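Hydrogens, waters and symmetry mates are skipped; everything else that's a heavy atom, side chains included, is used. All values derive from a computational prediction rather than experimental measurement. Reminder, nothing fancy here: chain letters follow the sequence lines and each chain counts from 1.
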2 protein chains.
Amino acid sequence: MNLTPLAQNFVLHFGEMGSRWGINRTVGQIYALLYVSQRPLNADEIAEALNFSRSNVSMGLKELESWRLTKLQHLPNDRREYFSAPEDVWAIFRTLAEERRKREIDPTLSMLRDALMAAPSNAEDLHVQQRMREMHDLIEMATLWFNDVQKLEPETLKQLMKMGSHVTKLLEMKDKLKTVAGGRASSARAANPENQST
Amino acid sequence: MNLTPLAQNFVLHFGEMGSRWGINRTVGQIYALLYVSQRPLNADEIAEALNFSRSNVSMGLKELESWRLTKLQHLPNDRREYFSAPEDVWAIFRTLAEERRKREIDPTLSMLRDALMAAPSNAEDLHVQQRMREMHDLIEMATLWFNDVQKLEPETLKQLMKMGSHVTKLLEMKDKLKTVAGGRASSARAANPENQST
DNA sequence: CTATAATTTCAGTAATTACTGAAAATTCAG
DNA sequence: CTGAATTTTCAGTAATTACTGAAATTATAG
């Protein structure tokens, strides 16, 4: 297995990027390799292509599995395990986001919630709680939104993203209709009073 | 400067989280401290509160400044520099995202674009380029979208997020209106043909 | 079962990253 | 200017994280 300069370059770049995102360089490179590979690869092929020790590859693959980012399969007449990345980039992105939520966002939210339960014992803690609440609310809202939007068809999502900030026009349109028709057309999720403001 | 257990806990948690996101523990803790603090703090106060050396705090603050996450101010009759975090969590989040885009997304996009310019020299590279293109398109779309949505008023953004996947209903509504009215109401950004699909 | 192929584990080591204290540089009141 | 206060730099060291090779474990063909 010898990488073309094109693939080589891609793999190295993702190694670097990985390390900026708390994923180690090796794991980044392994995934980049699987991502651009035309066919599933076994651990020895990966080790050879990237010049890592076999055991390093084993650990890297285990890590990637724990992120649910690889597919494992067997080839006929071959005992070795073959790994690949999903074909759909959106799916990869979604999995990554879900896993990060589970590992980082959820624990943070739960820490914040716990801290907000306690009665503040002084003015300082009152302020600390206020700040924590602001952060909690932002993270929670973003998470709920993400969770929700994730369920959309990729096509619908693409359509929405392409609209960008022009969605506002839809909102305005809706509000006008609502005013004219007597306010029965709302489709917003929450009964949260903040929703009505401004 | 002595931290209450509430603040202590928050600070430690963000130290850990930081290190999972490629930000070092010290920097995470310093920012968490500034974030919950009622008033701006100088470097000595930070060093004392977190038990770091003065020089470590200096480096941490420099790092935070490079992310544009701190505000620097002076107090009357005091030569020392006082640091604080912006009051608006949304603003913090936005700055963080912008800065990460500049440092990680933009270079990646440019690497991908460059790689896609080259004529593939064989079937393998053709496939590599295909995969790179998929990734490029996803990242670019997400970036453009983010860039666009970032300009909205926080209130509008909140409203949109609270709607979650219900925005689809607006889309459907729009499509119906379009059909009835003869297709003049489109507000989608791109002339991209993909936009029409499904 | 047994033998061999394949994978995982893990102790030791290498490489990287974080942190400190001392010294240098900068800032500013007098 | 001068000199004290403040901040920054940086070489050295500590701590952490990554990686390897050898040994142990697991899986499977015969």
**Request:** Could I get the full list of side-chain contact (heavy atoms from CB on, under 4.5 Å) partners for Asn2(A), not counting sequence neighbours?
**Result:** none
**Asked** Heavy atoms, side chains only, cut-off 4.5 Å: are Arg68(B) and Glu98(B) in contact?
**Response** yes
**Request:** Please determine if Arg54(A) and Glu48(A) form a salt bridge, counting it only when a charged side-chain N lies under 4.0 Å from a carboxylate O.
**Result:** no
Please determine whether a side-chain nitrogen or oxygen atom of [X] lies at a distance below 4.0 Å from atom OP1 or OP2 of [N].
X	N	result
Arg80(B)	dT27(C)	no
Lys62(A)	dT9(C)	yes
Asn24(B)	dT16(D)	no
Arg25(B)	dA15(D)	no

**Asked** In B/S/- notation, 5' to 3', how is nucleotides 25-30 of chain D contacted by protein heavy atoms closer than 4.0 Å?
**Response** --BBS-
**Request:** Assess the side chains of Glu134(B) and Trp90(A): does a donor N or O sit below 3.5 Å from an acceptor N or O?
**Result:** no
**Item:** Polar side chain donor-acceptor pair, Arg103(A) to Thr108(A), under 3.5 angstrom
**Value:** no
**Message:** For Lys151(A), is the NZ atom crowded, meaning more than 12 foreign heavy atoms sit under 6.0 Å from it?
**Reply:** yes
**Request:** May I ask you to check whether over 12 heavy atoms, not counting those of Gln73(A), lie within 6.0 Å of atom CD?
**Result:** yes
In whole angstrom, what separates [X]'s [atom1] from [N]'s [atom2]?
X	N	atom1	atom2	answer
Asp78(A)	dA6(C)	CG	P	7 Å
Leu72(B)	dT26(C)	CG	P	18 Å
Asn77(B)	dA5(D)	CG	P	16 Å
Glu63(A)	dC19(D)	CD	C1'	14 Å

**Request:** Would you jot down, in residue-number order, the residues of residues 31-60 of chain A having a non-hydrogen atom under 4.0 Å from DNA chain D?
**Result:** Phe52(A), Ser53(A), Ser55(A), Asn56(A), Met59(A)
**Whether Phe93(A) and Phe146(A) hold their rings parallel, tilted or perpendicular, with breakpoints at 30° and 60°** = perpendicular
**Request:** Could you state whether Ile23(B) and Leu61(B) fall into the same hydrophobic cluster, counting links through intermediate Ile, Leu, Val, Met, Phe, Trp or Tyr residues with side-chain heavy atoms under 4.5 angstrom apart?
**Result:** yes
**Asked** Taking the side chain of Thr26(A) as its heavy atoms from C-beta onward, which of dA18(D), dT7(D), dA6(C) lies nearest to it?
**Response** dA18(D)
